[in-house]
Chemist: 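My questions all concern the structure below.
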Amino acid sequence: MPKSRKTSGLKKFVSRPLMPVFYFHFSNQGFPVSQEKEGQASDGLWVGKVADKVLEEFPNQELYTCAAGISPSGVVHFGNFRDIATSLAVAQELRARGKKARLLFSWDNYDRFRKVPVGVDPSFARYIGMPLTDVPDPEGELPSYARRFEVGLEKSIEEMGIDLEYRYQTQEYKSGRYAEKIAFALQHREQAADIQLQFKTDKGNQEKGIDPEEYRRTYFPITVYSRFSGTDKVQVLSYDGGTKLTYRCLVTDKVEQIDFKETPVVKLPWKLDWPMRWGEEQVHFEPSGKDHMTPGGSYDVSSAISREMFGRKPPVPQMYLFVGIQGVKGDKMSGSKGGAISPATLLEIYEPSLLKWLYMRRTPMQSFNLAFDTEVYRQYDEFDREVVAYQAGKASPAQQKILEFSGVKKGEGVPLAFKQAVALGQITQWQPEKLRALAEKSGIACSEASIKARLSKAQTWLNRYNPEEIIALRTAINTDYAATMDGKRRDQIAKLRVLLQGEVTSIPALDEHLYGIPKDPALDDKATKVAQRGFFKDVYNLLIGKDAGPRLSTFLWALDRAAVLTLLEI
RNA sequence: GACCUCGUAGCUCAGCUGGUAGAGCAUCUGACUUUUAAUCAGGGGGUCGCGGGUUCAAAUCCCGCCGAGGUCACCA
């Protein structure tokens with residue numbers, strides 16, 4: 001998998017003769033490394049290999065930092081969440097190996113507001129160029145635009161029980177924490193320019209009209225937010241070699257000198273900001289989307305800057321592909337587009353552990369689809385099968401690991417199948433107690449917790465995204481269908497009415513009677529089956545206008561008896 | 001222009017450093033005195049995108065091509 005990753009120089013650090021020492025050291029601490037290694041190989045999970053790599057690049061750290069970060073420029077969508085999920089898996093793996101690991105999450109909210117997303121008042125265009133934390137909340141409630149979108153994700157993260165250590169970049173920058181690093185970058189601005197030039201193509205330079213000499217002379221590796229306009233539309237005029245610089249605000253044409261140690265309106269651009277923070281936070285692992293990981297992209301540039309300027313090895317990277325979505329019309333993935341699907345939206349349909357499981361079970365290099373259509377049945381079913389195997393102690397090591405990373409615990413019992421939650425939820429008016437009673441009556445074994453958890457998700461799934469799947473009792477007798485029925489079949493319906501008018505003691509008893517109605521001594525087994533099938537089809541058509549439906553005994557037992565009897569009056 | 005991922009059963013995908021093609025769902029058959037959006041057992045189904053190469057041996061490694069999706073070369 002880590003095929004053609006650029007490892008220029010990196011390999012040299014991890015000299016082979018060190019390996020035995022490495023092993024010895026660990027076994028001294030009571031970690032049977034060699035055995036554990038074999039174990040990892042057998043479970044074959046991507047996360048084990050990544051952790052191997054992290055431990056190889058950064059052996060013997062007190063604390064391992066797995067990072068993730070998102071710029072709150074709009075709704076944080078389900079694609080962004082892969083950043084967190086991937087880092088989470090690696091942190092968990094490191095912990096499983098007895099290491100201390102933290103999951104650091106940076107809100108890049110000191111980034112500039114770049115464009116107004118669909119769904120936000122177009123007049124917000126006047127804030128373009130300002131830091132996201134200085135743009136007001138479109139809904140006028142929260143302190144800032146950034147906060148609006150941070151809150152949504154943070155709530156979902158909490159719901160999923162993920163323990164993140166948050167960093168808010170505006171706060172960090174304003175605290176002056178980075179002032180020295182900014183000065184350092186400015187002092188080495190030619191070097192920063194050179195490194196970036198290495199990654200630019202001649203053709204690109206020609207097209208953009210970049211002259212390397214000119215670029216090197218005028219490049220300042222900073223963004224300044226003008227104190228006059230609040231935006232980054234600024235030209236840096238001079239730098240004193242310390243912490244003072246002079247800039248011209250291009251909006252107001254005013255010029256001033258500031259000491260950015262006292263007036264923190266200066267930010268490093270992404271390709272310096274990123275490696276600077278790797279050092280500041282001692283990051284050992286950070287995944288990123290392919291936009292960063294493409295050769296010559298920001299990871300390459302940032303790595304070079306990290307090594308050559310800041311003198312630190314870059315963290316182990318892991319590229320991930322984007323997540324797809326199906327079953328929802330006009331799919332809009334990008335956070336800067338309207339109608340973006342956030343983890344919060346997903347959590348209305350997926351339970352937290354299932355969602356985490358979907359993100360972590362496959363290698364990040366593989367794209368997968370989230371679904372709002374009947375595909376979720378399959379996902380829930382597959383998940384449940386593994387959970388059941390896990391509860392029984394029969395899950396494979398790989399399955400077990402991912403389930404545990406996802407937060408599944410032993411002794412939670414068998415979950416209610418999502419399909420059943422949808423079917424039975426409808427006939428119990430989505431009431432957990434009613435469903436539990438129904439499940440008990442008809443012999444469905446499932447945990448009470450799962451009923452509670454899944455019923456509301458099933459309801460949302462059905463009503464909001466799959467209304468065509470709704471089973472609704474007809475409001476009037478299906479005379480059209482009844483007209484197609486012969487006397488014998490009508491007779492069966494009449495028998496059913498009699499049955500339902502009497503006392504129904506239990507679902508299995510009702511079941512037996514139902515199968516008994518179409519039985520005829522003159523028919524052999526095969527023919528009986530056909531007759532029974534036909535009978536059920538008739539009942540479904542009369543009640544809900546479809547050829548099939550929920551298991552009939554359960555269905556009839558739960559439905560409003562009077563309404564059913566009316567519909568069967570043909 | 002460069003690069004990345006993917007292409008294996010009808011569908012969703014496993015197949016890690018090469019050793020006789022796998023799972024789930026779907027389908028079919030059968031069983032439980034019935035199977036309907038709930039059970040169990042069994043069966044069928046693949047020239048592993050195409051063409052070369054390396055090898056005793058290739059889904060797996062190498063080269064080329066085709067197809068699908070995506071990223072960078074502005075900014076983050």
Side-chain angles (χ1 to χ4, degrees), chain A residues 1 3-6 40-46 48-49 69-71 73 108 110-115 132 199-210 223 232 267-271 273-274 288-302 319-322 324 326 336 361-369 371 374-375 377-379 381-383 385-386 396 398 416-420 422-424 426 439 442-446 469 471 508 511-519 525 528-529 531-537 539-540 546-555:
Chain A
M1 182 190 56
K3 227 174 281 179
S4 59
R5 187 165 296 137
K6 295 234 161 73
Q40 252 102 43
S42 72
D43 81 22
L45 276 171
W46 66 271
K49 290 171 199 163
I70 296 171
S71 159
S73 55
D108 296 332
Y110 204 41
D111 287 0
R112 76 193 292 262
F113 182 56
R114 288 162 60 211
K115 61 179 175 186
L132 291 165
F199 290 93
K200 294 187 196 293
T201 58
D202 291 346
K203 198 183 170 196
N205 286 347
Q206 272 174 23
E207 274 174 17
K208 303 299 189 275
I210 296 173
T223 296
D232 65 349
K267 178 189 179 300
L268 291 174
W270 174 244
K271 285 170 188 171
D273 178 71
W274 206 20
S288 34
K290 49 197 305 180
D291 49 343
H292 295 297
M293 291 305 294
T294 297
S298 58
Y299 179 78
D300 271 2
V301 177
S302 297
M319 177 161 86
Y320 56 81
L321 294 191
F322 296 131
Q326 63 174 256
S336 53
R361 65 177 172 150
R362 295 234 177 85
T363 147
M365 290 304 287
Q366 179 150 33
S367 56
F368 68 94
N369 275 359
T374 48
E375 176 71 13
Y377 284 158
R378 196 208 308 263
Q379 291 170 328
D381 285 348
E382 199 175 333
F383 177 66
R385 210 174 308 121
E386 286 196 15
S396 74
L416 173 70
F418 193 75
K419 215 186 289 180
Q420 287 187 32
V422 171
L424 301 183
Q426 294 183 69
S442 44
I444 299 170
C446 62
E469 301 276 325
I471 296 166
D511 218 22
E512 209 165 306
H513 286 299
L514 283 173
Y515 283 103
I517 288 175
K519 265 197 179 166
D525 283 359
T528 303
K529 270 191 194 176
Q532 284 165 334
R533 206 167 302 175
F535 169 62
F536 287 123
K537 189 178 158 194
V539 177
Y540 287 122
K546 293 182 183 180
D547 286 344
R551 190 173 172 82
L552 203 49
S553 54
T554 315
F555 195 40

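Model, not experiment: these values are computed from the prediction. Letters A, B, ... are given to chains in the order of the sequence lines, protein chains preceding strands, and every chain is numbered from 1. What you see below is based on every heavy atom in this structure, not just the backbone, and it leaves out hydrogens, waters and symmetry mates.
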Chemist: Would Asp300(A) and Phe199(A) count as a side chain to side chain contact (heavy atoms under 4.5 Å, CB included) here? Give the steps.
Modeler: CA-CA 8 Å; Asp300(A) 271 2; Phe199(A) 290 93; 3.7 Å; yes
Chemist: In whole angstrom, give me the gap between the P atoms of rG30(B) and rG44(B).
Modeler: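 So the two P atoms sit 16 Å from each other.
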Chemist: Name the nucleic acid region contacted by Asp381(A), choosing base, sugar-phosphate or nothing; use a 4.0 angstrom heavy-atom cut-off, strictly under.
Modeler: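 Counting heavy atoms under 4.0 Å across all strands, no contact is made by Asp381(A).
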Chemist: Which whole number of Å gives the distance between the P atom of rG70(B) and that of rC13(B)?
Modeler: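 rG70(B) and rC13(B) have their P atoms separated by 16 Å.
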Chemist: Taking the side chain as every heavy atom from C-beta outward, state whether Asp381(A) and Lys419(A) have any atom pair closer than 4.5 Å.
Modeler: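 Side chain of Asp381(A) against side chain of Lys419(A), heavy atoms only: contact under 4.5 Å found.
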Chemist: Over all heavy atoms of both residues, which pair between Pro364(A) and Met319(A) is shortest? Give the atoms and the distance, please.
Modeler: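 Nearest pair, atom of Pro364(A) first, then Met319(A): CB-O, 3.6 Å.
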Chemist: Quote, to the nearest angstrom, the C1' distance that separates rG42(B) from rG53(B).
Modeler: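 It works out to 43 Å between them.
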Chemist: Phe535(A) and Leu514(A): which non-hydrogen atoms are nearest, and at how many Å?
Modeler: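 Taking every non-hydrogen atom into account, CE2-O, 3.7 Å.
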Chemist: Rounded to whole Å, please give me the gap between CE in Met293(A) and C1' in rA2(B).
Modeler: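 Atom CE in Met293(A) sits about 16 Å away from atom C1' in rA2(B).
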Chemist: With rounding to the nearest 0.5 Å, note down the distance linking OG in Ser71(A) to CZ in Arg112(A).
Modeler: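 Between Ser71(A) OG and Arg112(A) CZ, I get 11.5 Å after rounding to 0.5 Å.
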Chemist: On RNA chain B, does the nearest nucleotide to Arg361(A) precede the nearest nucleotide to Val422(A) from the 5' side, or the other way round? Give the residue.
Modeler: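 Closest to the 5' end, via its nearest nucleotide, is Arg361(A).
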Chemist: Asp300(A) CG to rC3(B) C1': how many Å, rounded?
Modeler: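 Atom CG in Asp300(A) sits about 11 Å away from atom C1' in rC3(B).
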Chemist: Please give, in whole Å, the distance from rC72(B) P to Phe199(A) CZ?
Modeler: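 Rounded to the whole Å, the gap is 16 Å.
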Chemist: Pull out every stem in RNA chain B, meaning runs of 3 or more consecutive Watson-Crick or G-U wobble pairs with both distances under 3.5 Å.
Modeler: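 Ordered by first number, the stems with RNA chain B (at least 3 consecutive pairs each) read B:1-7 with B:66-72, B:10-13 with B:22-25, B:27-31 with B:39-43, B:49-53 with B:61-65.
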Chemist: Just the rounded figure in Å: distance from P of rU34(B) to CG of Asp511(A).
Modeler: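 Distance check: Asp511(A) CG to rU34(B) P gives 11 Å.
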Chemist: How close do Ser302(A) and Lys271(A) get, counting heavy atoms only, and between which atoms?
Modeler: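 Minimum heavy-atom separation between Ser302(A) and Lys271(A): OG-O, 3.5 Å.
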Chemist: Between rA59(B) and rG7(B), how far apart are the C1' atoms? Round to whole Å, please.
Modeler: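 Result for the C1' pair: 12 Å, nearest Å.
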Chemist: Please figure out whether Gln426(A) or Phe368(A) has its closest RNA chain B nucleotide nearer the 5' end.
Modeler: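 This one resolves to Phe368(A).
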Chemist: Identify the pairs formed between an N or O of the protein and an N or O of nucleotides 74-76 of chain B at a distance under 3.5 Å, and give each distance.
Modeler:
| from | atom 1 | to | atom 2 | distance (Å) |
| --- | --- | --- | --- | --- |
| rC74(B) | OP1 | Lys208(A) | NZ | 3.4 |
| rC75(B) | O2 | Arg114(A) | NH2 | 3.0 |
| rA76(B) | O3' | Asp111(A) | OD2 | 3.3 |
| rA76(B) | O2' | Asp111(A) | OD2 | 3.3 |

Chemist: Measuring only the C1' atom in each nucleotide, how far is rU8(B) from rG45(B)? A whole number of Å is fine.
Modeler: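 After rounding to an integer number of Å, I get 14 Å for this pair.
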Chemist: Taking atom C1' of rA23(B) as reference, at what distance in whole Å does atom CD of Gln379(A) sit?
Modeler: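 In whole Å, rA23(B) C1' lies 17 Å from Gln379(A) CD.
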Chemist: Closest approach to the side chain of Tyr377(A), judged atom by atom: which nucleotide of rG24(B), rC4(B), rA37(B) is it?
Modeler: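 Output: rA37(B).
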Chemist: Base, sugar-phosphate alone, or nothing: which one does Glu382(A) contact when heavy atoms must sit under 4.0 Å apart?
Modeler: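 Since no nucleic acid heavy atom lies under 4.0 Å of Glu382(A), the category is nothing.
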Chemist: With the side chain counted from C-beta on, respond yes when Phe113(A) and Ser73(A) share a heavy-atom pair under 4.5 Å apart, and no when they do not.
Modeler: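 Phe113(A) does not reach Ser73(A) side chain to side chain.
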Chemist: Go through the structure and list residues passing side-chain hydrogen bond (donor to acceptor under 3.5 Å, both in side chains) with Asp511(A), not counting sequence neighbours.
Modeler: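 For Asp511(A), the residues satisfying side-chain hydrogen bond (donor to acceptor under 3.5 Å, both in side chains) (neighbours in sequence not counted) are Arg551(A), Ser553(A).
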Chemist: Roughly how many Å is it from NZ in Lys49(A) to P in rU17(B), rounded to a whole number?
Modeler: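 About 7 Å, once rounded to whole Å.
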Chemist: Report which part of the nucleic acid Leu514(A) touches: base, sugar-phosphate, or nothing (heavy-atom distance under 4.0 Å, all strands).
Modeler: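 No contact.
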Chemist: For the side chain of Met365(A), starting at C-beta, report the closest nucleotide among rU12(B), rC4(B), rU34(B).
Modeler: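 The listed nucleotide nearest to Met365(A)'s side chain is rC4(B).
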Chemist: Name the nucleic acid region contacted by Leu321(A), choosing base, sugar-phosphate or nothing; use a 4.0 angstrom heavy-atom cut-off, strictly under.
Modeler: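 Sugar-phosphate, no base atom in range.
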Chemist: Taking all non-hydrogen atoms of both residues, which atom of Thr554(A) and which atom of Leu424(A) are closest, and how far apart?
Modeler: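 Scanning both residues, the minimum pair turns out to be CG2-CD2, 4.0 Å.
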Chemist: Is any side-chain N of the basic residue among Arg378(A) and Glu375(A) closer than 4.0 Å to the acidic one's carboxylate O?
Modeler: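 Yes, Arg378(A) and Glu375(A) are salt-bridged.
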Chemist: Expressed in whole Å, how much space separates the C1' atoms belonging to rG69(B) and rG49(B)?
Modeler: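 Per the computed distance, 15 Å lies between those C1' atoms.
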Chemist: Take atom P in rC28(B) and the same atom in rG10(B), then report the distance between them in whole Å.
Modeler: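 rC28(B) and rG10(B) have their P atoms separated by 16 Å.
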Chemist: Using the P atoms only, state how far rG1(B) lies from rA57(B), rounded to an integer number of Å.
Modeler: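 Between the two P atoms, the distance is 39 Å.
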Chemist: Separation of Glu375(A) atom CD from rG24(B) atom C1', in whole Å?
Modeler: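 Taking CD of Glu375(A) and C1' of rG24(B), I get 12 Å after rounding.
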Chemist: Could you state the atom-to-atom distance from CZ of Phe536(A) to P of rA38(B) in whole Å?
Modeler: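 The distance from CZ of Phe536(A) to P of rA38(B) comes to 13 Å, rounded to the nearest Å.
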Chemist: Nearest 0.5 angstrom please: Trp46(A) CH2 to Met365(A) CE, how far?
Modeler: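 The CH2 atom of Trp46(A) sits 12.0 Å away from the CE atom of Met365(A).
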Chemist: Nearest to the side chain of Glu512(A), which nucleotide is it out of rC13(B), rU33(B), rA38(B)?
Modeler: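 Of all the options, the side chain of Glu512(A) is nearest to rU33(B).
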Chemist: Could you work out which one of rA37(B), rC16(B), rC25(B) sits closest to the side chain of Arg378(A)?
Modeler: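 That would be rC25(B).
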